[in-house]
Colleague: 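Below: one structure in structure tokens.
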Amino acid sequence: LWHYIDQQFQASFTLVSYRTWIQSAKPVALVGNNLKISVPSKLHKDYWESNILTKIVEIIYAHFNVELNPILIVAAEDDADLTAPEATTEPAKKETTEAATETNRFLTNTHLNSKYTFETFVTGTGNQMAHAAALVVSEEPGVLYNPLFLYGGVGLGKTHLMQAIGHQLLTNKPNAKVKYVTSETFTNDLVSAIQTNTQKQFREEYRSVDLLMVDDVQFFADKEATQEEFFHTFNDLYEEKKQIVLTSDRLPNEIPKLQDRLVSRFKWGLSVDITPPDLETRIAILRNKADADQLDIPDDTLSYIAGQIDSNIRELEGALIRVHAYANMKNEVISTSLAADALKSLKLSDAANGLSILKIQETVAKYYHISLTDLKGKKRNKGIVVPRQIAMYLSRELTDSSLPKIGMEFGGKDHTTVIHAHEKIDQSLSDDQDLKNNIAELKNLLKN
Ligand code: ADP
Ligand code: MG
């Protein structure tokens, strides 16, 4: 079983991530469906909880049709109670757990991550508005901003902020019915309700809540039946003045193939974006994280790490974990030069994996005989705009960079500009043979 999990993760993580997070973990015992996993530090445990556990449950369920219940322990406290995974149950959890289907019991159990609260959320440029709106909604649900639509790039805190609303509402009103789902879970629940003829229960479950949070609704794109069902869910809740909170990586009208009636409803309340944090905010986030995990890291080292990673808070936290793991491995105290070493190996592996955005920009600029400055700049003439869009398109297609990161590399443009450019080129490709040839040539150039 472990071997299989290990293999799956080896295939889907970069080598450095794999070594840092997966290889250091050990299976300890399997009792019934409870798999006890030992990880080397609290930082690892945090990372596993936010990024790995659900994946393991899904992998095992998909392959063995077994519903696994992984339990994490930090190596030092080896004799933790096997039967009590996370005893911090919210009052409202019980109700939702009972209604949950067999297959997602684990996911529903932990439907709110106990760490995603307002207390642990650092505010700064980029998220201030979203934070303020979220607070208002948690204090007075269903009154002012309904729905609240939070949008922005990957790893910028949308899920964190959304769940903070849930926690806060439960603190204020312990009997409130709070439901958090990803858009995929909504779809999966719907599909299984249809298969088992339990649509009635499905509707009761979703339409009886005080707060419904649906994460990453961009994945509703193209899903007709889901959109149909969600339309009615939305209307019911809205009429009852129940609060709806949605997140997405882009604005409602930018979600492809989203029914107009949903687009317009999503815009009824308030849409707020979250943009990448500035350096000070990134340092504050790292400081918080280091303190919470009781890590002794000098300020200049935190500033250094914050300076290295600018567009994704999850990656920022990942870098902190890497530096910590690296120091453990080398048995040295954490310093800026050690951090530089630890993050260098990360950069190298990224570069070895593929192409840099800069390389794409240089190649495209040269190909169209324009300057790199113009390509990354703001000029609006066609001779420059089209190559710029092509370079953005290729950056999205050929690198792992997030949308905000790509926007950043193009002179600090918004991620929605990148989405727009990508869509524009994607559409033109279907009927513009010249463009097709040019892109094929560019891809060829980039290969060498
Ligand atoms: P998204 O849903 O936008 O992809 P997440 O909410 O999953 O991003 O955030 C990624 C990680 O970064 C999480 O571990 C989250 O706790 C952390 N994070 C994001 N924003 C903040 C913030 N402002 N303060 C503290 N931690 C944050
Ligand atoms: Mg998210």
Side-chain angles (χ1 to χ4, degrees), residues 17 21 42-55 107 110-135 148-168 180-186 213-220 245-251 255 271-293 295 302 305-306 309-322 324 400-405 407 414-416 419:
S17 311
W21 291 313
K42 173 131 190 331
L43 271 173
H44 284 80
K45 183 160 178 268
D46 287 353
Y47 186 84
W48 271 68
E49 277 168 356
S50 350
N51 301 297
I52 298 183
L53 283 188
T54 38
K55 282 201 193 107
L107 299 175
T110 52
H111 72 154
L112 288 183
N113 184 323
S114 58
K115 283 195 289 297
Y116 290 172
T117 62
F118 282 120
E119 284 75 33
T120 58
F121 192 83
V122 177
T123 57
T125 52
N127 65 29
Q128 237 146 17
M129 277 283 293
H131 174 261
L135 259 182
L148 175 64
F149 192 95
L150 302 170
Y151 67 101
V154 185
L156 294 182
K158 299 184 297 296
T159 300
H160 186 142
L161 203 49
M162 176 184 241
Q163 295 204 3
I165 299 175
H167 282 298
Q168 190 61 36
Y180 166 86
V181 287
T182 63
S183 60
E184 284 107 333
T185 302
F186 184 87
M213 299 174 273
V214 185
D215 207 353
D216 288 322
V217 294
Q218 73 271 15
F219 296 122
F220 279 171
V245 182
L246 308 167
T247 72
S248 164
D249 67 350
R250 60 196 89 177
L251 276 165
I255 300 174
S271 307
V272 210
D273 66 340
I274 302 186
T275 55
D278 61 13
L279 183 65
E280 280 69 35
T281 313
R282 298 201 299 277
I283 295 173
I285 289 171
L286 284 179
R287 174 48 65 211
N288 248 26
K289 182 88 184 143
D291 289 351
D293 292 325
L295 299 176
L302 288 184
I305 300 172
I309 288 161
D310 56 14
S311 59
N312 181 326
I313 296 171
R314 183 173 291 119
E315 279 174 17
L316 193 64
E317 293 181 340
L320 187 68
I321 297 177
R322 271 201 187 87
H324 174 74
D400 294 334
S401 304
S402 66
L403 292 166
K405 165 91 178 154
D414 195 76
H415 74 279
T416 53
I419 294 174

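Everything numeric in this text was worked out from a predicted model, so none of it was measured. Counting starts at 1 for both ligands and their atoms, following the listed order.
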Colleague: Under 4.0 Å from a heavy atom of T120: give me the atoms of ligand 1 that qualify, with their elements.
Modeller: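 Every atom of ligand 1 under 4.0 Å from some heavy atom of T120: 24 (N), 25 (C).
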Colleague: Which heavy atom of A164 sits nearest a heavy atom of T117, and at what distance?
Modeller: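 The pair with the smallest heavy-atom distance is CB-C, 3.6 Å.
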Colleague: Mind checking side chain to side chain contact (heavy atoms under 4.5 Å, CB included) for P276 and listing every partner two or more places apart, or none if nothing turns up?
Modeller: L156, P404, M408
Colleague: Closest heavy-atom contact between Y180 and M162?
Modeller: CE1-SD, 3.7 Å
Colleague: Taking all non-hydrogen atoms of both residues, which atom of L286 and which atom of A306 are closest, and how far apart?
Modeller: CD1-N, 3.7 Å
Colleague: Can a side-chain donor-acceptor contact be found between D215 and T182 if the only test is distance below 3.5 angstrom?
Modeller: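 No, no side-chain donor-acceptor contact under 3.5 Å.
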Colleague: Picking from H160, H167, K289, what satisfies side-chain hydrogen bond (donor to acceptor under 3.5 Å, both in side chains) with T120?
Modeller: H160
Colleague: Who's the nearest protein heavy-atom neighbour of atom 2 (O) of ligand 1, and how far?
Modeller: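 Protein heavy atom at minimum distance: T159 OG1, 2.7 Å.
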Colleague: For atom 4 (O) of ligand 1, what is the closest protein heavy atom, and at what distance to 0.1 Å?
Modeller: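 Of the protein heavy atoms, G155 N, 2.7 Å lies nearest.
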Colleague: Among all the protein's non-hydrogen atoms, which is closest to atom 12 (O) of ligand 1, and how far away is it?
Modeller: I313 CG2, 3.2 Å
Colleague: For S402 and H415, which I'm curious about, is there any donor-acceptor pair between the side chains at under 3.5 Å?
Modeller: no
Colleague: Nearest to atom 15 (C) of ligand 1, what protein heavy atom do you find, and at what distance?
Modeller: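 For atom 15 (C) of ligand 1, the nearest protein heavy atom comes out as H160 ND1, 3.4 Å.
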Colleague: Counting from 1, what ligand 1 atoms have a heavy atom of V154 closer than 4.0 Å?
Modeller: 4 (O)
Colleague: Is it true that G124 lies under 4.0 Å from ligand 1, counting heavy atoms only?
Modeller: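 No, G124 has no heavy atom closer than 4.0 Å to ligand 1.
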Colleague: Work out how many protein N, O or S atoms lie closer to the Mg ion (ligand 2) than 2.8 Å.
Modeller: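 Protein heteroatoms (N, O, S) closer than 2.8 Å to the Mg ion (ligand 2) number 1.
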Colleague: For atom 5 (P) of ligand 1, tell me which residue out of G318, S402, G157, S248 has the closest non-hydrogen atom.
Modeller: G157
Colleague: Identify the two heavy atoms, one from H131 and one from L161, that lie closest to each other, and give their separation to 0.1 Å.
Modeller: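 That closest heavy-atom pairing would be N-CD2, 3.8 Å.
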Colleague: Between T275 and D414, is there a side-chain heavy-atom distance shorter than 4.5 Å?
Modeller: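 The answer is yes, as the side chains (C-beta and beyond) meet within the 4.5 Å cut-off.
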Colleague: Under a 4.5 Å cut-off applied to non-hydrogen side-chain atoms, are D216 and T247 in contact?
Modeller: yes
Colleague: How far apart are the closest heavy atoms of G155 and N312, and which atoms are they?
Modeller: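 That closest heavy-atom pairing would be CA-OD1, 3.5 Å.
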Colleague: Looking only at non-hydrogen atoms, find the nearest pair between F220 and S183 and report the distance.
Modeller: CE2-CB, 3.5 Å
Colleague: Near G153, which atoms of ligand 1 are under 4.0 Å from a heavy atom of that residue?
Modeller: 3 (O)
Colleague: Does any N or O atom in I285 lie less than 3.5 angstrom from one in ligand 1, N or O only?
Modeller: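 No, I285 has no N/O under 3.5 Å of an N/O on ligand 1.
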Colleague: Atom NZ in K45, atom CG in L53: separation rounded to 0.5 Å?
Modeller: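 Answer rounded to 0.5 Å: 9.5 Å.
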Colleague: Is there side-chain contact between L148 and I165, with heavy atoms separated by less than 4.5 Å?
Modeller: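 When only atoms from C-beta onward are counted, I165 and L148 do touch, with a gap below 4.5 Å.
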Colleague: Looking only at protein heavy atoms, which one is nearest to atom 13 (C) of ligand 1, and what is the separation?
Modeller: Y116 OH, 3.6 Å
Colleague: Ignoring angles and geometry beyond distance, decide whether T123 reaches within less than 3.5 Å of ligand 1 through its nitrogen or oxygen atoms.
Modeller: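 No; every N/O pair is 3.5 Å or more apart.
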Colleague: Would you mind checking which non-hydrogen protein atom is closest to atom 14 (O) of ligand 1, with the distance to 0.1 Å?
Modeller: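 Sorting protein heavy atoms by distance from atom 14 (O) of ligand 1 puts E317 OE1, 2.9 Å first.
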Colleague: What protein heavy atom is closest to atom 24 (N) of ligand 1, reported as residue, atom name and distance in Å?
Modeller: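 Checked against all protein heavy atoms, atom 24 (N) of ligand 1 sits closest to V122 N, 2.8 Å.
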Colleague: Among protein heavy atoms, which sits nearest to atom 7 (O) of ligand 1, and what does the distance come to when rounded to 0.1 Å?
Modeller: R314 NH2, 2.6 Å
Colleague: State the atoms of ligand 1, each with its element, that fall below the 4.0 Å cut-off from a heavy-atom position in N127.
Modeller: 23 (N)
